[in-house]
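A quick write-up on the structure given underneath.
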Amino acid sequence: MRETEGMTDNTIQYLVLDRRDPDANMARFYVLSIEESLFGDASLIREWGRIGTKGQRRVELHESTSRAAEALETWLRRKQRRGYRIRSAPTSS
């Protein structure tokens, strides 16, 4: 993803979260990303569903990148309280 105007290097632009519980047959994902909309606004894109499926997608428009980042952080905290964990990057051998 290209860096958009106003986005700082320390702004989270893309996060993948997992929630797995084999005993409950639960394997879910949640993706949060900040992207520039067609009209130049900042948008928070949320995608979620069962791992291995297409899932659902919702786009929230915000007036600035900082507002979209605040919304992303709010959703991140909410999902972490529900047991989602940030997916770690695969290690290369």
Side-chain angles (χ1 to χ4, degrees):
M1 175 175 27
R2 68 183 176 91
E3 185 170 312
T4 58
E5 183 177 324
M7 275 195 190
T8 61
D9 290 336
N10 62 359
T11 301
I12 298 169
Q13 296 180 25
Y14 189 82
L15 276 177
V16 179
L17 307 166
D18 284 338
R19 182 176 178 195
R20 296 172 188 258
D21 182 355
D23 296 334
N25 192 26
M26 180 186 301
R28 302 191 55 77
F29 71 90
Y30 207 94
V31 179
L32 296 164
S33 63
I34 297 174
E35 297 179 14
E36 186 176 340
S37 74
L38 182 62
F39 302 106
D41 298 326
S43 61
L44 172 63
I45 300 174
R46 300 184 294 125
E47 299 178 64
W48 66 92
R50 184 166 176 82
I51 293 174
T53 67
K54 183 178 175 184
Q56 298 181 45
R57 180 179 170 109
R58 172 101 9 114
V59 177
E60 299 175 2
L61 297 176
H62 295 274
E63 67 233 20
S64 68
T65 302
S66 63
R67 296 282 185 182
E70 288 173 14
L72 182 146
E73 290 171 10
T74 299
W75 278 106
L76 174 60
R77 285 190 303 272
R78 185 177 295 160
K79 292 301 165 185
Q80 286 177 323
R81 282 193 306 265
R82 296 201 54 150
Y84 283 83
R85 298 292 169 242
I86 296 173
R87 184 183 293 173
S88 59
T91 57
S92 56
S93 302

Could you list the donor-acceptor pairs under 3.5 angstrom formed by side chains in residues 41-48, with sequence neighbours left out?
| from | atom 1 | to | atom 2 | distance (Å) |
| --- | --- | --- | --- | --- |
| Ser43 | OG | Glu35 | O | 2.9 |
| Arg46 | NE | Glu60 | OE2 | 3.0 |
| Arg46 | NH1 | Tyr30 | OH | 2.7 |
| Arg46 | NH2 | Glu60 | OE2 | 3.4 |
| Glu47 | OE2 | Arg57 | NH1 | 3.3 |

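- Atoms OH and CG, on Tyr84 and Leu32 in that order, are 10.5 Å from each other to the nearest 0.5 Å.
- Heavy atoms only, all atoms of each residue included: Phe29 and Gly55 are closest at CZ-CA, 4.3 Å.
- Taking Asp23 as the reference, nothing meets the side chain to side chain donor-acceptor pair (under 3.5 Å) condition, with sequence neighbours excluded.
- Looking only at side-chain heavy atoms (C-beta outward), Arg20 and Ile51 come within less than 4.5 Å of each other.
- Interatomic distance, CG of Leu72 versus CZ of Arg77, reported as 10.0 Å (0.5 Å rounding).
- The CG atom of Asp21 lies 12.5 Å from the CZ atom of Arg28; values are rounded to the nearest 0.5 Å.
- Partners of Ser37 by side chain to side chain donor-acceptor pair (under 3.5 Å), not counting sequence neighbours: none found.
- Residues passing the side chain to side chain donor-acceptor pair (under 3.5 Å) test with Arg78: none are found, sequence neighbours excluded.
- Heavy atoms of other residues, nucleotides or ligands lying less than 6.0 angstrom from CZ of Arg50 number more than 12.
- Legend: residues meeting side-chain contact (heavy atoms from CB on, under 4.5 Å) with Gln80, ordered by chain and number and at least two apart, are Leu76, Arg85, Ile86.
- Other cluster members for Met26: none, since no ILVMFWY side-chain heavy atom sits under 4.5 Å from it.
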